[in-house]
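Just so it is clear, the model here is predicted, and its values are computed rather than measured. We're numbering straight along the sequence, starting at 1.
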Amino acid sequence: MKSKILLGALTLIFVLESYAQNNQIKKAEKQYEQLAYIDAIKIYENVAEKGYKSVDLFQKLGNAYYFNGLLPQANKCYTALFLLNQTVEPEYYYRYSQTLKSVGEYNNADAMLNAFNKVSGNDSRAKLYESNKDYYAVIKVNSGRYTIESLDINSDLSDYGTAFLEDQIVFTSTRDQRGISKNIQKWTNQSFSTLYISKIDANGTLEKPQPFNNSTDSKFNESTPVFTKDGKTMYFTRNNYNDGKKGKDANGTTLLKLYKATFENGKWTSVKELPFNSNDYSTAHPALSPDGKTLYFASNRPGTFGESDLYKVAIYENDLFGIPENLGSTINTEGKETFPFVSADNELYFSSNGHPGLGGLDVFVAKMNSNGSFGNVSNVGTPINGPMDDFAFLININTDKGFFSSNREGGKGYDDIYQFTETRKLSCEQLISGTVRDKKTQSFLAGAKVIIHGELMNVIKEISTDDKGNFSFDKAECGKVYYIRVLKEEYSTTEEKVLLPDGKGKTEVNIGIERNIEKITTGTDLAKIFAIEMIYFDLDKANIRPDDALDISKVVAVMQQYPTMKIEVASHTDSRASKSYNLRLSQKRAKATMDFMVKSGIDKNRLKAKGYGESQLVNKCADGVVCSEEEHQQNRRSQFIITAM
């Protein structure tokens, strides 16, 4: 009896505990769907500690960490998820690989990327990995180009997203601010972010930060400003909140939008929402082109490939804007692309977890071409990038100094701002190699001068071919146009245009040049020297056509240069028609050619015209042999044989 009562009590306790766990999970799911990830983490952790396991639990707990940039913690959850040996969506293979990098397990991360490649179908991140499996080696080559230092302006909370404003920087922070009533955001359990400003003194040191401007501040998030060159216009990110009104999407979430403010009478005023925002998706993190005519930003609007993509939009006068354009698949992936910055050298820097990197968000760079396309995307390497999130990169190319943000270990807060100095430019170089040959004989030409010109025809390099006709130049820039000019005595100068591909590698350029001085002796066929294969006649006609006059005139010019030279004009036909007919036809054509040369000023005594009909075929195409028109044409030829000098 006691045992039955005890069993019943235990059953009741189990049921009540399960009921409580289910309630906690439902509460966590509600917080999760509302993007209150910190609150959700606490509840999910509490349930997991009691031994509750499920695919859904570990996915959501892992995601809650992952989207807060807590990658090592997310790694533990995704590890537990995959230990369940149950089917999960392909995206979790990719997220797991990212978190494995955050704890230094790069071999396991690559193994997970291989698995992701197999299960993901047509995902561009899988394709990028498959075509760049040596990406660690490439990143290593790109590394070591910066010295970095932490800044005293960092707080024990989040500081990130700097912008230049004359001799100051403006940045984002969640530090407590006196006199401003800021709500606590559930996502991070920190205050909503606001903007601060810090002056850069003569030594390059940042002075104590001050609140930026009350008129642009709200009780929600403000972040990531960018300023026009004249310092009179600012674009910045803010939650969907303006004029005291908070906007929400269909799920009741207040998303991000871009705003514009104007500096008038010493104050930032006239805060306006940009017209291409929406309540239904986020638009954030503005950047300006060097000429100030294009605005770049991140968004998850319809048409986005992944979590967020980079876009651009034209800026017109009178607060008018063009239609936002996605930057395309060279830049954007199914992952997250965010925090764009365009340098004065027209290089697009951005952060991504979709391109091959070291873990979390890495900083990448791509050269912007004049036609709006982008060159090769390169990881900027360590020490800017590491296993955690690295983002919000910007640089002053005049001083080679800049700032970036990171949540790496050793920082003062959740996110910190780091200052850097670039000590070496990132180079993408192609090897141009090739040979120079005689175009006619195909023999290699030693000692030919090869001059490599840039796009503006400036001389980049002068080299000579070796004894085998080879040349090479290993400092060509990827994606650039080069003009390769070849000069050699007794040959015509030749130039070729070469457009190099974007990635590192080798481009072969083999150039044939034509001899302009030929040694001529008795028996030389001038038709071969001038590449005269045959003189064309109309059907059953022997008169010289205008298009053949030029070729014959070349021979006339040689004979005028050598007044004692004598020539036999020999004409040949193919094997079609009778032998007697072909002999007569060839004789007529040879004589017509000779007559043209006489009219051109050559003494008739220096010329002899002879038709050979089909008696000297150069191939198998005799009577009764089936041949193509091209093969027959080889036999219909003219010759100008030197008989005396």
Side-chain angles (χ1 to χ4, degrees), residues 437-443 510 512-516 518-562 564-645:
R437 295 173 181 253
D438 184 298
K439 192 171 185 179
K440 178 181 176 183
T441 66
Q442 289 298 299
S443 58
N510 298 311
I513 58 176
E514 292 185 338
R515 194 178 185 93
N516 57 22
E518 293 279 354
K519 184 177 181 180
I520 53 177
T521 60
T522 301
T524 298
D525 183 359
L526 292 179
K528 289 185 177 180
I529 291 177
F530 294 115
I532 303 172
E533 294 183 359
M534 64 178 169
I535 303 300
Y536 288 93
F537 295 86
D538 291 329
L539 181 64
D540 204 26
K541 297 290 179 63
N543 57 297
I544 301 299
R545 297 189 337 190
D547 53 340
D548 293 318
L550 174 62
D551 282 331
I552 302 174
S553 295
K554 295 175 185 177
V555 179
V556 169
V558 174
M559 295 191 73
Q560 289 171 338
Q561 186 177 357
Y562 297 92
T564 60
M565 177 186 290
K566 293 183 178 182
I567 292 287
E568 178 187 284
V569 180
S571 180
H572 305 267
T573 69
D574 60 36
S575 63
R576 292 176 292 187
S578 68
K579 291 182 180 180
S580 59
Y581 175 84
N582 285 334
L583 185 61
R584 291 194 303 272
L585 179 61
S586 64
Q587 183 62 42
K588 286 181 181 179
R589 290 177 173 175
K591 186 177 184 302
T593 303
M594 184 183 74
D595 291 344
F596 178 87
M597 297 174 72
V598 170
K599 289 181 180 179
S600 300
I602 303 300
D603 190 328
K604 186 176 181 180
N605 293 326
R606 298 172 61 194
L607 298 169
K608 178 182 177 182
K610 186 172 182 179
Y612 289 87
E614 59 181 276
S615 65
Q616 294 185 10
L617 301 177
V618 296
N619 54 27
K620 63 179 182 178
C621 300
D623 290 337
V625 178
V626 177
C627 288
S628 65
E629 179 58 34
E630 290 75 13
E631 290 173 315
H632 281 303
Q633 182 174 300
Q634 293 174 22
N635 293 308
R636 299 196 307 272
R637 66 197 190 279
S638 296
Q639 294 178 291
F640 299 86
I641 307 297
I642 300 174
T643 59
M645 287 293 295

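Side-chain contact of N582 with E614: a donor-acceptor pair under 3.5 Å is present, judged by distance alone.
Contact between G613 and S586 at its shortest, heavy atoms only, is N-OG, 2.8 Å. Contact record, A527 with S638: CB-O, 3.6 Å, taken as the closest heavy-atom pair. Across all non-hydrogen atoms, the minimal contact from Y562 to M645 is CD2-CE, 4.2 Å. Between S553 and F596, the shortest heavy-atom distance links the atoms OG-CE2, 4.3 Å.
From S600, atom OG reaches atom CD1 of I552 across 8.0 Å, with rounding to the nearest 0.5 Å. Distance check: F640 CZ to E568 CD gives 11.5 Å after rounding to the nearest 0.5 Å. The OG atom of S580 sits 11.0 Å away from atom CG of L585, with the distance rounded to the nearest 0.5 Å. For the atom pair CZ of R576 and OG1 of T573, the computed distance is 10.0 Å after rounding to the nearest 0.5 Å. A distance of 8.5 Å separates CZ of R515 from OG1 of T441, quoted to the nearest 0.5 Å. Rounded to the nearest 0.5 Å, atoms CE (M559) and CE (M565) are 7.0 Å apart.
Applying side chain to side chain contact (heavy atoms under 4.5 Å, CB included) to M594 and the options K604, R589, K610 leaves one that passes, K604. With I567 as reference, I642 is the one residue of I642, T643, I641 to meet the side chain to side chain contact (heavy atoms under 4.5 Å, CB included) rule.
Remark: side-chain polar atoms of S575 are paired, donor with acceptor, to backbone N or O of C621 under 3.5 angstrom. Panel note: side chain N635, backbone H572; no donor-acceptor pair is recorded below 3.5 Å. Remark: the backbone N or O of R584 is not paired with any side-chain donor or acceptor of Q587 at under 3.5 angstrom.
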Would C627 and K620 satisfy side-chain contact (heavy atoms from CB on, under 4.5 Å), going step by step from the backbone distance to the final call? CA-CA 8 Å; C627 288; K620 63 179 182 178; 4.2 Å; yes
Show, in sequence, the C-alpha distance, side-chain angles and deciding distance for V618 and Q634, and conclude whether the side-chain contact (heavy atoms from CB on, under 4.5 Å) test is met. CA-CA 7 Å; V618 296; Q634 293 174 22; 4.0 Å; yes
Chi angles and distances behind the side-chain contact (heavy atoms from CB on, under 4.5 Å) call for E631, D574: CA-CA 9 Å; E631 290 173 315; D574 60 36; over 6 Å; no
Worked verdict on D595 versus K599 for salt bridge (Lys or Arg N to Asp or Glu O under 4.0 Å): CA-CA 6 Å; D595 291 344; K599 289 181 180 179; over 6 Å; no
Test K440 against D438 for salt bridge (Lys or Arg N to Asp or Glu O under 4.0 Å), laying out the working first. CA-CA 5 Å; K440 178 181 176 183; D438 184 298; over 6 Å; no
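Put simply, the side chain of M597 reaches to within 4.5 Å of the side chain of V555, judged on heavy atoms.
The environment of K566 atom NZ is sparse: at most 12 non-hydrogen atoms of other residues, nucleotides or ligands sit within 6.0 angstrom. Within 6.0 Å of CD in E514 there are 12 or fewer heavy atoms belonging to other residues, nucleotides or ligands.
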